[in-house]
Undergrad: 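I am attaching a structure below and will ask some questions about it afterwards.
We use all heavy atoms of the structure for the numbers below, so side chains are in, but hydrogens, waters and symmetry mates are not. Each chain gets a letter, A, B and so on, in the order the sequences are listed, and its residues count up from 1.
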Amino acid sequence: MLPKAYDPKACEDKIYALWEESGAFKADAKSKKEPFVISMPPPNATGQLHLGHAVMLALEDIFIRFARMQGKEALWLPGTDHAAIATESVVIKKIQKEEKIKDPRAHYGREKLVAKIAEFVEQSRSTIRSQVRKMGASCDWSRERYTLDASLNRCVNEVFKRMYADELIYRGQRIVNWDPKMQTTVSDDEIEHIEEKAPFYTFQYGPFQISTARPETKFGDKVVVMHPDDERYKQYKDGDTFECEWINGKIMATVIKDDKAIDPTFGTGCMTITPWHDMTDFDLAERRHLSREQIIGFDGRLLDVAGEFAGMPIEEARPKVVEKLKEKGLLVKVDENYIHRIAVSYRGKGIVEPQIKEQWFIDVNKPVVVWKKKKLSLKEVMQDVIRSKDIQIIPERFEKVYFHWVDNLRDWCISRQIWWGHRIPVYYCLECGEGKSRVGEGIRDSGLGHRGIFVSLQSLKKCPQCGGPVEQDPDTLDTWFSSGLWTWSTLIDPTLAEDTSLSLQDLLKKSPDFQKFHPTAVMETGYDILFFWVARMILMTTYATGQIPFKHVYLHGLVRTRDGKKMSKSDPSTCIDPLAIIPKYGADALRLSMIVGQSPGNDFRLYEEKIGGYRNFINKLWNASRFVLMQCEKAGVDPKGAGKGLGLGDLSVVDRALLSSLQALIADVTEGLQKYRLSEVGERLYSFVWDYFCDWYLEFSKGESNPVVLVHALRTIVHLLHPYCPFVTEELWGQIGPKGCSPLIREPWPVANKKLIDREAEEQLQLLIDVISSIRSLRAEYDVVPEMKIPATVHATRSGPFLSQHQAHVLRLANVSELAVVPKAPAHHHGMVSAFRKGIDVHLSLEGIVDLAQVKVNLEAERTQLTKFLSGVRAKLENEQFMARAKPEVIENEKQKLADAEAKIAKIEERLKALS
RNA sequence: GGGUGGUUAGCUCAGUUGGUUUAGAGCGUCUGGUUUACACCCAGAAGGUCACAGGUUCGAUUCCUGUACCACCCACCA
């Protein structure tokens with residue numbers, strides 16, 4: 001016998017082990033079945049699983065289990081990401097804290113630090129593995145991958161090499177986002193803007209007044225810009241020069257007229273520019289070939305150009321520069337309430353400083369990608385696959401967001417100055433010349449070995465041309481470069497990848513997994529990494545493989561706290577840790593709480609009561625099963641044997657109604673899951689189990705039970721629920737599955753049987769339910785104490801014999817002493833209270849119990865409400881336009897409503913007349 | 001500055017092509033219950049002019065426009 005309450009702790013680990021041992025997770029590349037593939041978004045190998053991962057795992061596990069039960073070759077490929085900057089920064093902080101080493105990079109050097117990070121990652125990966133298992137994720141562990149695996153590294157280098165050969169990758173001096181804290185570049189998308197109040201200074205600059213919030217960058221400003229149409233400055237011409245007293249003495253300044261950089265309505269309408277440290281100024285300087293000068297060093301301190309301020313950090317220098325300008329009488333005014341946005345690194349949270357630095361870039365506008373027989377740029381391919389619906393985003397509105405991002409995409413800076421990651425596979429010959437100096441504007445040689453630069457898949461010891469010594473590029477690749485390959489680099493056969501004589505195309509062709517499982521079916525992830533990752537996978541995969549990476553993108557919302565705030569680890573009072581929740585409520589309850597009631601793309605709030613609610617549901621299912629097993633035992637039926645060959649002939653109406661509504665359930669759940677409507681399907685199942693199966697069918701079973709039907713129904717329910725709550729359903733399947741059956745995870749998905757659909761039985765059962773509900777309502781309304789059994793009369797226009805035949809149910813469930821089913825309305829008498837329902841009227845004799853005045857009040861209230869409703873329906877039917885234009889079935893429906901309401905109102909009036 | 005989403009019962013949220021909905025669920029509230037699984041339960045009930053203003057339509061919570069507030073995303077206003 002089952003225990004009284006479901007205990008997830010006692011079951012979950014055992015069941016997960018059973019699944020793993022059964023081989024159900026393992027996909028077969030040789031299978032003839034239709035593939036269904038999900039690449040698991042690899043969690044960062046930086047520590048702990050959080051709720052974001054839990055949502056992802058719950059959703060994807062539902063997709064994959066459903067597909068597997070439907071008989072598809074389901075592959076869910078798990079893995080982890082080395083998460084370049086994120087991991088390096090975590091480990092550096094850890095070393096600083098635990099080992100009290102101020103600068104771990106300097107202290108350990110490249111090789112040792114990388115080894116330390118690798119060690120940390122190894123630990124963290126194994127933690128994550130066990131955490132993913134706790135959620136019940138049915139992924140194929142035999143195919144687990146890591147972005148730094150040898151075969152994945154190979155893919156990274158191959159793609160780099162090809163892009164370089166295609167002249168998509170180039171090196172250039174560009175303005176980039178420099179994070180002085182992490183000492184690396186970060187991409188545009190890794191920047192957050194924070195609003196900050198800062199003083200806004202206006203200074204006298206020769207004859208002009210210019211404003212700035214960054215006076216400490218102004219040392220090298222020798223150009224003043226204004227709009228060509230600005231009347232205030234029409235006496236100055238483009239190219240005019242003037243002498244000007246500035247921070248460190250006199251300078252010669254030049255006037256530039258430009259209509260792109262200047263908004264004449266802002267401030268004084270003119271500004272000086274700092275091309276080295278400002279994106280707009282850089283663009284202007286490019287257009288006009290202006291000189292540029294570095295003011296702030298990569299360590300965040302002012303350089304020699306700052307004169308007496310050299311060596312100072314920004315925050316220290318700023319007020320001092322202002323003070324000096326003020327002393328010189330050049331400070332015009334200060335606006336203390338100015339709000340400006342400062343750029344902060346997404347990872348390290350350090351303040352980002354624009355800097356000019358030589359970096360590697362991917363050109364997104366060069367038309368070199370062959371796509372659908374045309375030569376397109378990377379950008380155009382990214383646009384095409386969504387526009388042509390090759391890839392569909394759910395919810396659809398994110399397509400707009402995607403296009404906005406792609407349309408404005410600039411060349412992607414892929415080099416990072418950190419050590420943890422894929423090293424750029426480029427070597428410089430120290431003798432051939434130019435490679436060593438690494439200067440020059442955008443090196444774009446077509447060959448792979450010109451000018452002393454070599455892109456190589458293997459480490460180079462000497463120059464292939466002159467035999468001279470070489471050095472490797474010290475930079476590493478943006479982490480999204482490698483994760484952009486994730487859907488297919490994980491499907492490359494690792495053994496084949498060792499053979500360097502094979503080209504990338506050969507590897508793709510010869511890898512059975514790639515051939516069978518790519519493109520993947522659905523990419524499920526949070527909408528917050530649509531740009532970071534989803535877009536980059538599209539870019540990299542279409543280029544490298546000629547295929548789309550996935551057919552659907554399903555974007556889930558972010559988990560928030562009860563108050564709608566972001567969950568943060570630093571605040572444990574509001575932050576829910578999945579690993580603390582699972583032992584308390586079970587993984588199934590946690591899964592349901594994150595799926596039901598949510599819609600894709602929208603954030604949702606999660607809190608313990610919600611999870612508790614679904615724990616109750618799981619327990620309800622458990623106890624329903626317990627009841628079914630008890631019924632079997634009582635009847636001497638073996639729950640593991642019963643069920644095959646159900647015949648309709650000798651089944652009761654109640655049983656036939658149940659079987660019939662089960663068919664509708666199967667159809668709805670199947671269709672809903674195919675359309676990715678997980679919340680709706682979850683609610684449907686919840687309501688079916690609780691409100692129908694438990695509250696009605698099992699209650700009826702207490703009077704008259706058919707254990708074979710009970711077991712059959714429960715088996716179907718457990719199948720349909722399995723993708724949502726795999727643990728409890730698998731545990732129950734162990735009790736009710738036929739002898740010798742496979743685990744539920746491998747069971748075929750139920751198919752609706754049209755022969756079992758029986759509308760008449762469903763309607764009759766509904767009648768029975770209506771009678772019982774009506775009596776219960778009346779009893780409660782008129783305070784009939786539970787101990788008191790009373791007689792009831794039902795006036796049924798049809799189905800009378802049916803009701804008589806099943807009156808035992810009514811007696812028991814409505815606490816009635818006897819039930820009279822009559823074909824004609826019974827004569828009115830004092831103490832009679834009634835409920836008028838569709839097709840039936842239910843009457844109770846409560847003489848001496850009920851307050852007649854109260855009956856009258858209630859009837860009058862009901863009449864008022866009905867009259868109001870009736871006048872609305874009448875108005876509709878009297879409206880010629882409505883009659884002329886509405887669909888016939890709508891009119892018919894309204895007429896029916898009218899007739900029903902009229903009949904009911906007539907009965908109420910009759911009753912009121914008798915009462916007065 | 002541009003864009004997206006939200007605004008539905010006290011709270012958290014569903015609502016799939018405009019009419020079978022006199023708008024639903026869970027939690028909470030109120031009343032009553034140890035009824036042959038379940039108090040992680042059962043029965044009954046209260047509670048909403050679907051943010052506001054227009055428009056389209058015979059008909060709008062649902063489509064369109066505008067307004068307000070909230071949230072988020074994007075952007076080089078010095």
Side-chain angles (χ1 to χ4, degrees), chain A residues 2 4-6 175 193 200 210-214 225 260-263 265-274 278-284 340-341 354 395 397-398 400-401 404-405 408 527-528 530-531 558 562 564 585 589 596-599 601-607 609-610 612-631 634 672 675 677 679-680 683 686-687 691 694-695 698-699 702 773 776-781 783 785-786 812-815 865-866 868-869 872-873 876 879-887 889-891 893-894 896-897 901:
Chain A
L2 296 179
K4 208 168 164 179
Y6 172 59
I175 188 150
H193 292 275
F200 190 56
I210 56 119
S211 303
T212 182
R214 303 282 319 265
V225 190
K260 283 202 184 108
I262 276 284
D263 170 9
T265 63
F266 182 85
T268 59
C270 62
M271 66 175 185
T272 61
I273 61 163
T274 315
D278 185 283
M279 306 280 177
T280 322
D281 297 359
F282 177 83
D283 288 346
L284 177 67
H340 79 148
R341 275 160 291 274
R397 66 185 145 89
F398 278 94
K400 246 187 185 171
V401 183
H404 183 257
W405 183 82
N408 294 299
Y527 66 78
D528 55 329
L530 178 64
F531 307 141
L558 275 31
R562 166 145 234 154
Y585 296 98
V596 183
Q598 328 303 349
S599 46
N602 292 327
D603 293 354
F604 63 96
R605 304 178 192 203
L606 189 68
Y607 38 87
E609 299 97 288
K610 210 183 245 183
Y614 289 102
R615 186 265 320 264
N616 296 354
F617 170 72
I618 302 283
N619 192 241
K620 187 76 182 172
L621 176 70
W622 179 263
N623 271 289
S625 310
R626 194 160 161 257
F627 177 76
V628 169
L629 290 172
M630 284 172 165
Q631 295 292 317
K634 238 197 264 175
K675 292 183 174 163
R677 289 184 185 154
S679 174
E680 221 174 299
E683 267 180 63
Y686 183 104
S687 165
D691 306 335
C694 290
D695 288 352
L698 292 188
E699 289 306 319
K702 288 176 184 172
S773 299
R776 283 174 175 172
S777 277
L778 287 171
R779 288 184 64 116
E781 195 176 346
D783 293 326
V785 291
R812 202 167 38 81
L813 294 175
N815 204 13
Q865 193 236 328
L866 267 173
K868 210 173 130 198
F869 174 64
V873 179
K876 244 187 203 178
N879 182 335
E880 282 173 34
Q881 296 284 355
F882 174 75
M883 296 305 282
R885 304 202 184 188
K887 281 183 244 164
E889 60 265 33
V890 173
I891 295 177
N893 187 246
E894 291 299 317
Q896 189 60 49
K897 277 188 198 167

Undergrad: Of the nucleotides B:A14, B:G19, B:C38, which one has an atom closest to the side chain of A:Asn623?
TA: B:C38
Undergrad: Between the base of B:U16 and the side chain of A:Glu680, is there a donor-acceptor distance below 3.5 Å?
TA: yes
Undergrad: What's A:Arg214 touching, base or sugar-phosphate or nothing? Going by heavy atoms closer than 4.0 Å.
TA: nothing
Undergrad: With C1' as the reference atom in both, quote the distance from B:C50 to B:G24 in angstrom, rounded to an integer.
TA: 12 Å
Undergrad: Please state whether the base of B:A37 and the side chain of A:Lys4 form at least one donor-acceptor pair under 3.5 Å?
TA: no
Undergrad: Scan A:Ala901 against the nucleic acid and name what it touches under 4.0 Å (heavy atoms): base, sugar-phosphate only, or nothing.
TA: nothing
Undergrad: According to the interplanar angle, ranging from 0 to 90°, do the rings of A:Trp622 and A:Tyr6 count as parallel (below 30°), tilted (30 to 60°) or perpendicular (above 60°)?
TA: tilted
Undergrad: Would the base of B:U16 count as contacting A:Arg677 through its side chain, where contact means a donor and an acceptor less than 3.5 Å apart?
TA: yes
Undergrad: Where do N or O atoms of nucleotides 41-49 of chain B meet protein N or O atoms at under 3.5 Å, pair by pair?
TA:
unit_1, atom_1, unit_2, atom_2, d
B:C41, OP1, A:Asn616, ND2, 3.3
B:C41, O3', A:Lys620, NZ, 3.1
B:C42, OP1, A:Lys620, NZ, 2.8
B:C42, OP1, A:Trp690, NE1, 2.6
B:G44, O3', A:Ser777, OG, 3.2
B:A45, OP1, A:Ser777, OG, 3.0

Undergrad: Of all the base pairs, Watson-Crick or G-U under 3.5 Å, which form stems of three or more consecutive pairs involving RNA chain B?
TA: B:1-7 with B:68-74, B:10-13 with B:24-27, B:29-33 with B:41-45, B:51-55 with B:63-67
Undergrad: Between A:Phe869 and A:Glu683, which is nearer to the 5' end of RNA chain B once each is assigned its nearest nucleotide?
TA: A:Glu683
Undergrad: Taking the P atom in each of B:A51 and B:U16, what is the distance between them to the nearest angstrom?
TA: 15 Å
Undergrad: What's the gap between B:C63 and B:A14 when it is taken at their P atoms, as a whole Å value?
TA: 15 Å
Undergrad: Does a distance-only test, which skips hydrogens and angles, find a donor-acceptor pair under 3.5 Å between the side chain of A:Arg626 and the base of B:C38?
TA: no
Undergrad: Any N or O donor-acceptor pair under 3.5 Å from the base of B:U20 to the side chain of A:Gln896?
TA: no
Undergrad: Looking at B:U20, B:A78, B:C40, which one has an atom nearest to any side-chain atom of A:Ala5?
TA: B:C40
Undergrad: Want to settle it: does A:Gln598 or A:Pro786 sit nearer the 5' end of RNA chain B, counting the closest nucleotide to each?
TA: A:Gln598
